[in-house]
Amino acid sequence: MATKYININLKVWRQKDAKSKGQMETYKLNQVSTDSSFLEMLDQLNEQLINERKEPVAFDHDCREGICGMCSLYINGRAHGPDTLITTCQLHMRTFKDGETIYIEPWRSKAFPVIKDLVVDRSAFDRIQQAGGFVSVNTSGNTIDANATPINKHDADRSFEAAACIGCGACVASCKNGSAMLFVGAKVSQYALLPQGKIEAHDRVLAMVRQMDEEGFGNCTNTGACEIECPKGISLENIARMNREYLKASFS
Amino acid sequence: MALTGLFLCLFLVGHLIGNLQILYADPHQFNTYALFMTSNPAIKALSYLTYLSILFHAFDGALLTYRNVKARPVGYVKNNASANSKISSRNMGILGTVILIFIVTHMMSFWAVMHFDNKMPLEKISVKSQMAPAKDYYLTQSPGEYIPVDQVAADKKEAEASRKAFYIKDRTEFIFTGADVKKADGYKDLFKVTVAFFKDPKYGLVYTILYVISMLVLGFHLYHGFASAFQSLGLNHPKYNAAIKAFGIGFSIVVPFLFAVLPVYIHFFLKTI
């Protein structure tokens, strides 16, 4: 397929720093290849801004192949843009029409404060993970190979699906309540399903949920938006499993 | 939210079965049921549990909505929420508020009248015979006892002044004027109150329409709420999810629809007795 070029209008959230008040700025970008990724389009915008002696737009990115969870962006009212099961770096400009206006905003959550422009501080996720997202391993020289412990295929698969979470925060961004339940549900589930995770199972779910609440995330009302917008297709089943683990731990 | 929500779903089923008896168009049958519902100790205990559930559900829902609004102090300029969630699921707080307002007005119209209003009418029957013209009697809870309406005064003073044989005490008791002894208890005529409410010449149609709208709102609330309650309790399993969802959708359509049938039936189809 021959490469096409489109002209687009961008409305981008610009904010100097965490303390400043931001606003939407409008930019016109011509000759955007439909083969370029969304982030490459932003690179092109920044080149244009630098040539015009203007401040380039700050945005998060790293691996650019959909596995690091670094890119974010609320594009045209949806986390990671209009397509499903992809991150922003996997979103291509062929998704957009010539002359289209594209809104680009940062993740919005009390727990994800804006650092600059489209970059938000997602360290709240790290602190939730640190609160309980680990397992105890015997390191006295008798370490047992993980593969030596038999695990049934069904549980191993569910655990792996939960572990596919890249911690990008799309669940929080798209949830009307700014809730992190899908993230925490996935992190709790990936351990709860495996024998290695049983040792801390009781304390883990209590600690991670406590930390989640302390960070200022909202509460889950089961709208299901997170599951639709998650680039890794993490299922709501994980939230239900976390609720079960939480109930179990609360009553024992 | 989930536990009280599911309990209130059970309440809806019970309340609906009770209300559907209106379709028999038999006042005495309905009033007997109303008496049972307000005097049976087990039902009384259950009703207090229901009041508490409604209060807790409303309070917890308000708190939840408040906290969730606070979790996103700066909103999106452009938000395409309909792409990933249903409108009913995103507006449970608003739907719930409408339902709460409905419950309060609904209880003022019927529950409060039944429990506290001194103007609560007692059930009468008209007896016709070939020998005499029709005469009205009060029905009583004592079998075989009928009290002629023209022999009953509103209170003791009136009874003594007008030399009537009975007066009414504590809203339902028929007392012998001379001896101050209770003869029998009457039946509160809740059927009459209900019919009069929805057949009110001035506001009956408005009440009927508002009732139907409230049931529509209840339907949307249940459409999300029923299945959501199971998920909150951790009851999510690929084997049962489809069944829970399907049952919830059916429940959210059938229950509010049958509730809405009643005022429409009373206003448009019930012949005044």
Side-chain angles (χ1 to χ4, degrees), chain A residues 11 13 15 21-24 74-79 81-82 84 101-114 172-180 213 215-230 235-248, chain B residues 1-3 5-6 57 59-96 220-242 244-245 248:
Chain A
K11 288 194 182 287
W13 183 260
Q15 185 171 336
K21 213 173 162 264
Q23 76 286 321
M24 296 299 274
Y74 212 68
I75 301 158
N76 276 350
R78 291 184 72 180
T84 51
T101 300
I102 304 168
Y103 286 76
I104 311 170
E105 296 171 73
W107 284 173
R108 292 296 189 191
S109 161
K110 192 185 170 202
F112 289 166
V114 173
V172 175
S174 50
C175 175
K176 84 175 241 294
N177 309 321
S179 169
D213 288 340
E215 297 292 347
F217 291 107
N219 303 290
C220 179
T221 56
N222 307 323
T223 69
C226 54
E227 184 185 43
I228 306 279
E229 300 297 351
C230 174
S235 160
L236 288 180
E237 233 181 293
N238 293 294
I239 296 182
R241 188 177 295 106
M242 173 173 68
N243 290 349
R244 286 201 294 276
E245 290 285 316
Y246 188 83
L247 277 175
K248 210 159 63 182
Chain B
M1 293 308 292
L3 285 176
L6 287 177
H57 196 75
F59 179 76
D60 202 27
L63 192 69
L64 189 67
T65 308
Y66 170 73
R67 282 191 185 150
N68 287 347
V69 167
K70 261 198 0 187
R72 177 165 295 141
V74 183
Y76 293 108
V77 174
K78 190 179 168 101
N79 193 14
N80 185 9
S82 58
N84 54 38
S85 52
K86 294 211 166 66
I87 192 161
S88 53
S89 76
R90 295 194 305 273
N91 293 291
M92 289 298 275
I94 295 166
L95 294 170
F220 279 108
H221 196 75
L222 291 172
Y223 182 77
H224 174 70
F226 190 88
S228 175
F230 283 85
Q231 165 78 1
S232 290
L233 293 172
L235 301 169
N236 176 318
H237 192 283
K239 221 183 228 173
Y240 306 111
N241 284 350
I244 292 170
K245 214 163 183 185

Contact summary for [X] and [Y], nearest pair of heavy atoms:
| X | Y | value |
| --- | --- | --- |
| B:Arg72 | A:Arg108 | NE-O, 2.6 Å |
| A:Glu105 | B:Lys78 | OE2-N, 3.0 Å |
| A:Gly218 | B:Ala71 | N-CB, 3.4 Å |
| A:Ala240 | B:Asn236 | CB-CB, 3.2 Å |

Under 4.5 Å from any heavy atom of chain B - which part of [X]:
| X | answer |
| --- | --- |
| A:Tyr103 | side chain |
| A:Cys226 | neither |
| A:Ala79 | neither |
| A:Leu236 | both |
| A:Pro82 | neither |

Counting neighbours of [atom1] on [X] that are heavy atoms of other residues, nucleotides or ligands and sit closer than 6.0 Å, is the number greater than 12?
| X | atom1 | value |
| --- | --- | --- |
| B:Tyr223 | OH | no |
| B:Leu63 | CG | yes |
| B:Phe220 | CZ | no |

**Asked** For the side chain to side chain donor-acceptor pair (under 3.5 Å) test, which of A:Asn222, A:Thr221, A:Asn219 pairs with B:Ser232?
**Response** A:Asn222

**Prompt:** In Å, rounded to the nearest 0.5 Å, how long is the span from CG of B:Asn84 to CD of A:Glu227?
**Reply:** 11.0 Å

**Complete:** Value for OG (A:Ser174) from CG (B:Asn79), rounded to nearest 0.5 Å, stands at 9.0 Å

**Message:** Could you check whether any side-chain heavy atom of A:Glu237 comes within less than 4.5 Å of a side-chain heavy atom of B:Pro238, counting everything from C-beta outward?
**Reply:** yes

Quick check on the interface: out of [options], who has the most heavy-atom pairs with chain A under 4.5 Å?
| options | result |
| --- | --- |
| B:Gln231, B:Arg67, B:His237 | B:Gln231 |
| B:Ala81, B:Ser228, B:Gly75 | B:Ser228 |
| B:Ser89, B:Gly225, B:Ser88 | B:Ser89 |

**Request:** Could you check which of A:Leu247, A:Val114, A:Asn76 has the highest count of heavy-atom pairs closer than 4.5 Å to chain B?
**Result:** A:Asn76

**Message:** Walk me through whether A:Lys11 and B:Val77 qualify under side-chain contact (heavy atoms from CB on, under 4.5 Å).
**Reply:** CA-CA 10 Å; A:Lys11 288 194 182 287; B:Val77 174; over 6 Å; no

